[in-house]
Amino acid sequence: MLLESTEMCYLTTYLIFLVTFSAPWFLDLQALPTTENLNARYEKGFTRIGVILDQTSRPGKEAKVAIEIAIEHSNNETDHPFVLYLQNSRGKPIHAAIAAKELVDEHNVKAILGAHTWEEASAIAEVISEYDNKTPVFLSLAGTTPLQATNQWPFFLQSVPTQSTQMKAVTAILHSWSISQVILIYESSHLASGSAAIISYLSQALRPTGGTLTHILPLTFGSHSVSAELEILKRQKCKVFVIHTSLELAVSLFRTANKMEMNGDGYLWIATNAITDLFHSISSSEISSLKGMIGVKSYFPENKQDFLDFKKRFRQRFRHDYPEDDQDEPGIFAVQGYNTMRLLKQNSCENLDHVTPILETTVEIVHVIGKGYHSVYWTEGLGFSETVNDDTNGATVYSHSMDDLKQVLFPMQPWYANRRHRNLAESSGNRMRVGVPGQSLFKQFVNVDFDNKKNRTVFNGFVIAVFDEMMRELKLPYDYFSFNGSYDELMRQIPAERFDAIAGDVTIMSSRHEYVDFTQPYTESGLEMIVPVKSRLSNQPWLFMKPFTAKMWWFIAAVTLYNGYIIWLIERTHCEYLRGSIIEQIGIIIWLAFATLFTLRGRDKLHSNLSRMVVVVWLFVALIITQSYTASFASMLTAQRLEPTITSVEVLRNVNATVGYCNGSLVNHYLKDVLGFKSFKVKSYNSTHRYAEALNSGEISAIFLEVPAAKVFLAQYCKSFIRTGETFKVGGFGFAFPRRYSWLSEANKALMKISERGKLKELEDAYLISEKCVDDESSPNEDDSLSPHSFSILFVLTAGTSTVALVIYIITSFTKFKKSNREHANLFEFIRDHMRRSSSVVVHADTPTHLSSDVSDP
């Protein structure tokens with residue numbers, strides 16, 4: 001902005017200098033013959049109007065004649081006539097500036113009309129801005145006006161529509177034919193400063209549809225480098241051109257393009273109204289040299305009676321003033337000049353500040369064919385139509401597709417009339433060369449194999465299937481080619497022009513965007529950590545205690561002992577065996593407490609109804625408790641309760657664990673630079689089998705895989721491993737194309753269609769999720785089987801109780817034996833005596849009398 005302001009100051013100083021010292025040589029002031037008569041007729045009450053036009057150009061000639069006709073109409077209808085001071089700029093901004101200063105200083109004009117180019121308009125505005133008191137209103141006829149002009153100069157009024165709507169119509173044509181990339185060619189000498197405006201208008205129009213300007217080429221009329229520049233454009237893949245030049249340069253450019261075979265199949269040329277608005281002023285032979293060109297043209301109604309009356313008067317005056325011109329039809333420049341003068345008549349010069357800029361909503365679209373052209377129309381917000389909705393044409397049918405109007409615009413059936421999805425960026429004879437990684441780590445994604453029977457390479461896998469579906473939507477021809485280098489080397493084959501696209505399990509990475517563009521991810525994006533699983537409950541020593549909480553167990557024990565005490569207290573008066581020493585009675589209480597859990601009988605039947613009532617109620621409660629315990633314990637043993645051995649990346653770092661990743665992927669960089677693992681703690685593997693072996697053997701504690709690869713691995717090893725921790729956001733898989741590829745947006749749209757109709761999920765299930773689980777074959781998990789360790793506490797308890805009882809029994813029996821046999825009281829004699837007693841019982845089992853004598857024998 002600072003540079004522009006400095007240049008504007010230099011321009012202003014230069015203009016003032018030239019105006020002061022060069023006016024006598026450059027000024028060409030013309031006063032209409034009617035002006036002198038008007039000055040004579042009206043001594044006061046008239047309005048002085050200045051007009052600055054390039055009368056050597058067709059726009060200037062038409063505007064001059066139209067303004068004169070408008071002045072005559074206005075002066076015949078009012079008592080306050082206009083006095084017209086007409087000056088010729090000859091297409092030079094310096095002449096326009098001198099003329100503006102002369103009109104303000106000497107003729108005190110209230111308004112200035114004219115300037116069909118932005119160069120002249122800005123020069124005039126700079127001169128007017130130097131005045132403080134007698135600043136006239138400036139009504140500009142320049143279409144390529146920057147957006148900020150009216151803000152910079154309050155007296156500046158844009159009296160004709162800008163190029164904004166014209167560029168929106170160009171974008172509508174491109175979008176209708178699914179074209180997203182375009183090259184702009186403009187004339188630097190004729191529209192130098194106006195080029196910034198046209199670039200801005202076109203870029204803004206392309207932005208909502210996702211279109212881009214891939215190249216901007218300035219040309220100069222008469223330059224010998226046109227052929228060389230076109231040769232450069234011919235080698236580019238984008239062959240859609242928007243031309244914004246003078247008519248003379250456009251004719252020369254198009255003739256050169258025809259000689260170089262840059263017209264027809266594979267090419268599209270769209271001309272702006274800077275060219276098409278002059279079609280009425282050239283001969284049919286000149287128009288025929290533009291055959292095949294599409295153009296946007298300013299629209300104005302030509303069938304209304306007002307225009308027909310104006311047209312008759314215009315032709316008469318134009319032939320009188322410019323007999324050397326063969327074509328005398330009025331065009332848009334005549335209409336704009338006439339309407340600007342009528343606008344000035346309807347609003348006084350002082351009230352023009354409140355006049356809103358004129359907007360254009362309808363654009364005529366032309367197709368040059370033979371010695372003429374055919375037309376359709378585009379209306380902003382409505383679309384394309386064969387006619388314009390007005391009083392003469394009746395109701396109009398609109399469409400957002402140019403194909404619906406092909407019979408009107410293309411009656412001779414040109415090359416693209418029946419091809420809506422024609423690839424304008426490629427020649428029809430070329431088939432896309434698609435590179436495929438020949439050594440993909442996951443054959444489920446890409447599998448390249450040679451078929452000996454068919455003698456050709458076969459490409460298969462999830463990625464290939466998705467790419468095939470996408471290309472069916474795009475209707476583009478292609479062939480697969482295997483590449484055996486690394487993935488980064490494969491990406492570099494696109495800028496080397498060996499491949500036109502890459503279809504593989506290629507991860508979208510920022511570094512790769514330097515030389516390729518990717519489609520949107522067609523898989524889930526992210527990096528996941530996979531670790532072995534362990535059972536949460538099955539091998540815990542105190543597993544049998546898990547169904548109840550500790551409080552519940554203590555409460556059951558307390559209630560059970562309390563109930564045993566109540567029964568003992570009630571029954572002890574009825575049963576002598578419930579009496580005895582304190583220790584014996586405590587044992588009886590405990591035995592009664594637990595025995596009554598399973599039977600109504602203790603050692604004998606209960607004698608008191610009160611104790612029976614207590615036991616019945618307690619058995620009912622105990623039944624519910626035991627059944628609840630059984631159900632809860634069975635649920636714990638049968639339900640899948642698995643948990644990861646490692647829960648987070650922080651745990652891995654804290655224990656200094658070794659981790660693994662997929663060989664040749666971006667994960668190596670991510671593990672070291674982002675997650676902070678040391679290089680010697682990171683290992684790479686090249687197959688899912690090696691992943692499983694390393695995890696099961698403890699060689700690594702976890703492995704990091706991208707989401708698509710993790711799905712394949714977990715489908716194969718569904719029992720042994722599990723995802724854990726967070727998913728780290730990294731790029732998913734995408735198809736690679738050249739930078740600024742014209743069909744990239746269409747490829748993304750095709751992928752969206754595949755996903756929305758469920759085809760992508762279907763392919764994923766078929767190629768990835770359907771993998772056979774091989775856990776039982778390769779690495780069986782023994783954690784699912786219950787081992788003695790789960791019941792070790794119960795085993796210890798029952799064995800320990802039996803052992804303690806045995807020891808007590810032996811001690812007490814030996815003590816009694818020692819008291820009764822003091823002479824031979826030793827352990828050996830004790831064992832022999834017990835063995836003898838056991839033998840005696842067995843031998844004399846059938847003779848009770850003999851047994852009795854043996855037993856009573858001391």
Task: Donor-acceptor contact present, side-chain S159 to main-chain S140, <3.5 Å - done: yes
Task: Donor + acceptor pair across side chains of H280, E62 (<3.5 Å) - done: yes
- [ ] Could you tell me whether the side chain of D328 and the main chain of R319 form a donor-acceptor pair under 3.5 Å?
- [x] no
Task: Exercise: do N76 and E72 side chains pair donor with acceptor under 3.5 Å - done: no
- [ ] Take L141 and F333 through the side chain to side chain contact (heavy atoms under 4.5 Å, CB included) test and state the conclusion after the steps.
- [x] CA-CA 9 Å; L141 299 176; F333 306 107; over 6 Å; no
Open item on the list: Among residues at least two apart in sequence or on other chains, which ones pass ring pair (Phe, Tyr, Trp, His ring centres under 6.0 Å) with F314?
Closed with: F310, F318
- [ ] Heavy atoms only: give me the nearest L308-N303 pair and the separation to one decimal.
- [x] CD1-O, 4.0 Å
Open item on the list: Working to the nearest 0.5 angstrom, can you tell me the gap between L230 CG and L253 CG?
Closed with: 5.0 Å
- [ ] Please name the pair of heavy atoms, one in R255 and one in S289, separated by the smallest distance, quoted to 0.1 Å.
- [x] NE-CB, 3.5 Å
Task: Verdict with supporting geometry, T209 and L174, side chain to side chain contact (heavy atoms under 4.5 Å, CB included) - done: CA-CA 9 Å; T209 63; L174 297 174; over 6 Å; no
TODO: Tell me, with the steps shown, if V296 and I173 meet side chain to side chain contact (heavy atoms under 4.5 Å, CB included).
DONE: CA-CA 10 Å; V296 289; I173 296 172; 4.1 Å; yes
Task: Pair Q163, N273: side-chain N/O donor-acceptor within cut-off below 3.5 Å - done: yes
Task: NE2-CD1 distance between H107 and I112, expressed to the nearest 0.5 angstrom - done: 11.0 Å
Open item on the list: Donor-acceptor pair, distance only, cut-off 3.5 Å: does the side chain of T212 make one with the backbone of T214?
Closed with: no
TODO: Please report the closest heavy-atom contact between A123 and P93, naming both atoms and the distance.
DONE: CB-O, 3.5 Å
Open item on the list: With a 4.5 Å cut-off on side-chain heavy atoms, are L103 and I52 touching?
Closed with: yes
- [ ] Compare all side-chain heavy atoms of V182 with those of L213 and state whether any distance is below 4.5 angstrom.
- [x] yes
Open item on the list: For F307 versus E302, what's the shortest heavy-atom pair and its separation?
Closed with: CD2-O, 3.5 Å
TODO: Would you give the length of the straight line joining atom NZ of K168 to atom CH2 of W378, rounded to the nearest 0.5 angstrom?
DONE: 6.5 Å
- [ ] Output yes when E329 and K311 qualify as a salt bridge under the 4.0 Å nitrogen-oxygen rule, no when they do not.
- [x] yes
Open item on the list: Tell me if the aromatic rings of W153 and F138 count as close, with their centers under 6.0 Å from one another.
Closed with: no
Task: Listed partners of K61 passing side-chain hydrogen bond (donor to acceptor under 3.5 Å, both in side chains), at least two apart - done: D325
TODO: Taking the side chain as every heavy atom from C-beta outward, state whether H367 and Y373 have any pair of such atoms under 4.5 Å apart.
DONE: no
Open item on the list: If we ignore hydrogens and angles and just use 3.5 Å, is the side chain of E187 paired with the main-chain N or O of S246 as donor and acceptor?
Closed with: yes
TODO: Check for a donor-acceptor pair, side chain of T340 on one end and backbone N or O of Q336 on the other, with a separation under 3.5 Å.
DONE: yes
Open item on the list: I'd like to know if the side chain of Q158 and the backbone of A142 have a donor-acceptor N/O pair within less than 3.5 Å.
Closed with: yes
Open item on the list: With heavy-atom distances below 4.5 Å as the criterion, would you say the side chains of M293 and I243 are in contact?
Closed with: yes
Open item on the list: Taking the side chain as everything from C-beta on, heavy atoms only, tell me whether P136 gets closer than 4.5 Å to I128.
Closed with: yes
- [ ] Return the set of residues passing salt bridge (charged side-chain N to carboxylate O under 4.0 Å, His left out) with R342 (not counting sequence neighbours), or none when no residue passes.
- [x] E77
Open item on the list: Is the shortest side-chain heavy-atom distance between K64 and D321 below 4.5 Å?
Closed with: yes
TODO: For V240 and W177, run side chain to side chain contact (heavy atoms under 4.5 Å, CB included): C-alpha distance rounded to whole Å, both residues' side-chain angles, the deciding distance at 0.1 Å, then the answer.
DONE: CA-CA 11 Å; V240 182; W177 286 332; over 6 Å; no
Open item on the list: With rounding to the nearest 0.5 angstrom, report the CG to CD1 distance, L268 to I179.
Closed with: 5.0 Å
Task: Close side-chain approach of M341 to L113, heavy-atom, < 4.5 Å - done: yes
TODO: Report yes if some heavy atom in the side chain of V397 is under 4.5 Å from a heavy atom in the side chain of E386; otherwise report no.
DONE: no
Open item on the list: Measuring from atom OG of S203 to atom CE of M167, what distance do you get when rounded to the nearest 0.5 angstrom?
Closed with: 11.0 Å
- [ ] Look up atom CG in L86 and atom CD in Q55, then write down how far apart they are to the nearest 0.5 Å.
- [x] 4.5 Å
Task: Whether T256 side chain and S252 backbone form a donor-acceptor pair below 3.5 Å - done: yes
Task: Heavy-atom pair of closest approach, residues Y322 and V65 - done: CE1-CG2, 4.0 Å
TODO: Kindly give the heavy-atom pair with the smallest separation between H116 and L53, and that separation in Å.
DONE: CE1-CD2, 3.7 Å
